[in-house]
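The basis for the numbers below is simple: all heavy atoms, side chains too, and nothing from hydrogens, waters or symmetry mates. Reminder, nothing fancy here: chain letters follow the sequence lines and each chain counts from 1.
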Amino acid sequence: MKKVKADPKGVLTGVHYLDGDYAIAEGALAAGCRFFAGYPITPSTETAERFAARIPKVGGVFIQMEDELGSIAALIGAAWGGKKAMTVTSGPGFSLMQENIGLACMMETPLVIANVQRGGPSTGLPTLAGQQDIMQARWGSHGDYEVIALAPDSPQECFDLTIEAFNLAETYRVPTFIMTDECVGHMHEKVVIPPAEEIEVVERKWYTGPKDKYLPYKLDKDGIPFMVKAGDGYRFHTTGLTHDERGYPVINAECQDWCVRHLCDKIRKNADKIIILEEDETDTAEVIVLSYGITSRVATRAVQKARDEGIKVGTLRLITVWPFAEKRIRELAPKVAAFVVPEINYGQIVFEVERCAAGQAKVIHVPHCGGWVHNPEDIYKAIKEAVK
Amino acid sequence: MKAEDRLEERNPIEDLLRMDRIPHIWCPGCGIGTVVTSFAEALKKTDLDLDKVAVVSGIGCTGRVAGYIKLDSFHTTHGRAVAFATGLKLANPELKVVVFSGDGDLAGIGGNHLIHAARRNMDLVVICVNNFNYAMTGGQVAATTPLEANASTAPYGNFEFPFNLPFLMEAAGATYVARWTALHLRRVTMSIMEALQRKGFSFIEVITPCVTLYARRNRLGDGLNLLRYYYDNSEIQHGADTRQLDISFQGKIIVGKFVDKDKPTFLDAMNQHFTRVLGDDYQLYGRINHDRD
Ligand code: SF4
């Protein structure tokens, strides 16, 4: 993994007052993203608008595609054309992108998709918050694969984690998602953009060996193949079909086994390196409130109230939602009475927590079907129930 | 002139094929191979730097072309080749990007991308092999199946009005539109050469027999017969009014070059526009073709 300093052309150094959607666009530009293909959808459109306004002065391309099917396909093409590429969308658009998210995984294409989640299913609640695409982010395309997903809880984190998303996408050659939501997307807060020389950006894993020796899917020592871009004379082939090291289709179970295991294992085996968590007082806790995105901020009040009453409450915030913090939850489960899991859906991440807690701790879900954030009182009640 | 015969010959296009992937999957007598040959010959006749030519295919029998051409080549998802190619071209403007796919892929499932790329005058060469049916999946009815023709999902004959692709493409904004049959080898090669050497959205439809499915189901003889039939029943009318180019079942096929006009490409328009409205603040992107300013 080669880290370089950010290209100052894209970095709007200074202290700003931005909403989360704008901060994503600034994070992308700082990370070196120079290609954006998008389609308007509430509540994510502001990211596209910001990028469209900024990119002509930075040097790059914004294109508004005819639909989200086109956006994601154009991103994959742009990545193979050598650019760092991203799009932004919300539930319905994310659904439309799923097939080509699979293609991006199969071709091992680095790219970033921000999903500013709204309430679903279907058209649902276009202007109101949800966290209902969390499982879709993991399982939305067909077949076995792994992705990376991050969940910012503030405009500042939208900026920071967008850079992180590009860095992870390049390091592991995998689509990486920023799973934010309408609240964070439209929330205005202070965003500090550091000078370019303080921003570390991961460069693409370019192949530099002899041209005739290049194999697009030959794994390097770290398990990640080298990449080239179209136009550099390698005359390579890549396909959505199950393929061998050469990128040539091989339609049998043996090659499928190699291909699928690699796509999953490059993330699973590096989960410890990828996962970012934020913990507070988890080591002494009787009960842990586990949350992500906007819900973790709402939970703060409930946690404070319970702590004021002397209840030992810890918090665990999933900054990285996928890959899931399996190991850490297995470690914590025998030490606590319960996990309280508030999320703006009718049950998604809670199933992962249950799986990893494996009966060693109670898991109490605090659902919310979308449209607004939780009432902290509901989370507080769940904490009380946990220690009853 | 069966496709596989041509490929087995030590012919001069060999260095443009991935010989380690030959034999190909196409049926004996399929016309796709002839179009690939024309494409390869066109590439050889131009002075393009072949390292800068990329081929993008979707899914289907013709979708396999990307897998056999020894250039940077992408076998993408069903219908999305044009959108993929759009991203590829915009990310690396020095590339000449060719979309090589079938009628079902381009005009059926991918129709939206096709018309929008034409509208934007995206600098792409689209070669559309039209075999009048969905062949890879077993000969189902397509958006191009002529009225009355039989297909596996139109077992009593097709009653849906098909697309007239040159008309569709011209209406959408394509700046180069041609149609040939696969037996017009020299003409197909010429059209592809012209398209490769110009800028803007070029669309070349090649009527090609699907011997295994469409021909058999409609009792049209073997591949060579049908190829010959298409050729004999075609009539060259350069500049024909594209509204008049419907194809009826075993009827006359009007071929020729119908549209060839100048219009700024997406990137040229983008660069010209931003230079005008943003002045020195604009970071010129890619290369600009000044002779079209
Ligand atoms: S099914 Fe038809 S189109 Fe496909 S390879 Fe065979 S003859 Fe060609």
Side-chain angles (χ1 to χ4, degrees), chain A residues 9 34-37 55-85 87 99-104 106-107 109 111 141 211 216 228-241 243 246-249 251, chain B residues 16 18 20-21 49-57 59 64 66-97 109-110 112-113 115-117 119-120 122 266-267 270 273-274 277-278 281-286:
Chain A
K9 280 213 295 284
R34 297 292 180 267
F35 182 89
F36 190 114
I55 196 66
K57 299 172 189 174
V58 172
V61 177
F62 169 86
I63 182 168
Q64 185 169 311
M65 292 299 286
E66 46 278 6
D67 53 30
E68 288 91 344
L69 305 166
S71 301
I72 173 79
L75 287 201
I76 306 172
W80 283 100
K83 289 279 184 292
K84 290 188 177 178
T87 190
E99 185 196 8
N100 267 357
I101 287 172
L103 180 69
M106 196 60 146
M107 289 183 167
T109 312
L111 54 85
S141 197
K211 283 208 166 131
V228 297
K229 71 176 199 294
D232 284 351
Y234 292 93
R235 305 207 187 172
F236 65 98
H237 179 63
T238 179
T239 173
L241 288 166
H243 50 261
R246 297 171 299 172
Y248 288 3
I251 308 303
Chain B
L16 279 169
R18 296 185 190 279
D20 49 351
R21 291 213 57 218
D49 175 357
L50 296 182
D51 283 348
K52 305 287 180 202
V53 182
V55 175
V56 183
S57 294
I59 297 294
R64 292 302 183 100
Y68 299 121
I69 298 279
K70 198 169 170 189
L71 297 170
D72 290 336
S73 60
F74 301 90
H75 181 216
T76 67
T77 41
H78 200 19
R80 313 299 156 220
V82 170
F84 187 106
T86 295
L88 187 64
K89 172 69 193 179
L90 295 181
N92 189 357
E94 62 172 15
L95 292 175
K96 182 52 86 175
V97 180
I109 185 170
N112 201 28
H113 309 307
I115 57 173
H116 284 276
R119 171 179 66 78
R120 297 181 180 112
M122 195 57 67
F266 177 93
L267 276 179
M270 180 180 104
H273 180 76
F274 284 146
V277 299
L278 297 174
D281 283 346
Y282 179 54
Q283 300 289 312
L284 201 63
Y285 183 78

Engineer: Would you check, one step at a time, whether the test side-chain contact (heavy atoms from CB on, under 4.5 Å) holds for A:Ile76 with B:Arg80?
Structural biologist: CA-CA 11 Å; A:Ile76 306 172; B:Arg80 313 299 156 220; over 6 Å; no
Engineer: Please report the closest heavy-atom contact between B:Glu94 and A:Gly231, naming both atoms and the distance.
Structural biologist: OE2-O, 4.4 Å
Engineer: Between B:Thr86, B:Val82, B:Leu71, B:Asp281, which residue shows the highest count of heavy-atom pairs closer than 4.5 Å to chain A?
Structural biologist: B:Leu71
Engineer: Check the orientation of B:His75 and A:His237. Use parallel for under 30°, tilted for 30 to 60°, and perpendicular for over 60°.
Structural biologist: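 Parallel.
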Engineer: Just do the side-chain contact (heavy atoms from CB on, under 4.5 Å) check on B:His113 and A:Asp67 with the steps written out, would you?
Structural biologist: CA-CA 9 Å; B:His113 309 307; A:Asp67 53 30; 3.2 Å; yes
Engineer: With a 4.5 angstrom heavy-atom cut-off, is it the side chain or the backbone of A:Met106 that approaches chain B, or both, or neither?
Structural biologist: neither
Engineer: Looking at CZ of A:Phe62 and OH of B:Tyr285, how far apart are the two atoms once the value is rounded to the nearest 0.5 Å?
Structural biologist: 14.5 Å
Engineer: Any cation-pi pair here, B:Arg21 with A:Tyr248, using under 6.0 Å and within 45°?
Structural biologist: yes
Engineer: Over all heavy atoms of both residues, which pair between A:Tyr234 and B:Asp72 is shortest? Give the atoms and the distance, please.
Structural biologist: C-OD1, 3.9 Å
Engineer: For the atom pair CD1 (B:Ile69) and CZ (A:Arg235), what is the distance rounded to the nearest 0.5 Å?
Structural biologist: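 Here the interatomic distance stands at 11.0 Å.
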Engineer: Report which part of A:Lys9 has an atom under 4.5 Å of a heavy atom belonging to chain B: side chain, backbone, both, or neither.
Structural biologist: side chain
Engineer: Would you mind telling me which of B:Ala81, B:Ser73, B:Ala85, B:Gly110 has the largest number of heavy-atom pairs within less than 4.5 Å of chain A?
Structural biologist: B:Ser73
Engineer: For B:Leu95 and A:Lys229: C-alpha separation, side-chain torsions, deciding distance, then whether side-chain contact (heavy atoms from CB on, under 4.5 Å) applies.
Structural biologist: CA-CA 11 Å; B:Leu95 292 175; A:Lys229 71 176 199 294; over 6 Å; no
Engineer: Identify the heavy atoms of A:Gly233 and B:Asp51 that sit nearest to each other, and give their distance.
Structural biologist: CA-CG, 3.4 Å
Engineer: For the atom pair CD1 (A:Ile63) and CZ (B:Phe266), what is the distance rounded to the nearest 0.5 Å?
Structural biologist: 4.0 Å
Engineer: Select, from A:Ser71, A:Ala37, A:Pro56, A:Ala74, the one with the greatest count of heavy-atom pairs under 4.5 Å involving chain B.
Structural biologist: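 Looking at each option in turn, the highest pair count goes to A:Pro56.
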Engineer: Please look at A:Arg246 and chain B and tell me whether the side chain, the backbone, both or neither of the residue comes under 4.5 angstrom of a heavy atom of that chain.
Structural biologist: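 For A:Arg246, the side chain is the part near chain B, not the backbone.
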Engineer: Between A:Val228 and chain B, with a heavy-atom cut-off of 4.5 Å, which part of the residue counts as in contact: side chain, backbone, both or neither?
Structural biologist: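 For A:Val228, neither part sits under 4.5 Å from chain B.
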Engineer: Given a strict heavy-atom distance threshold of 4.5 Å, which part of B:Leu278 is in contact with chain A: side chain, backbone, both, or neither?
Structural biologist: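 For B:Leu278, the side chain is the part near chain A, not the backbone.
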Engineer: For the candidates A:Leu75, A:Asn100, A:Ile72, which exhibits the highest count of non-hydrogen atom pairs separated by less than 4.5 Å from chain B?
Structural biologist: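 Of the candidates given, the most pairs with chain B belong to A:Asn100.
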Engineer: For A:Phe236, is there any backbone N or O sitting under 3.5 Å from a side-chain donor or acceptor partner on B:Arg18?
Structural biologist: yes
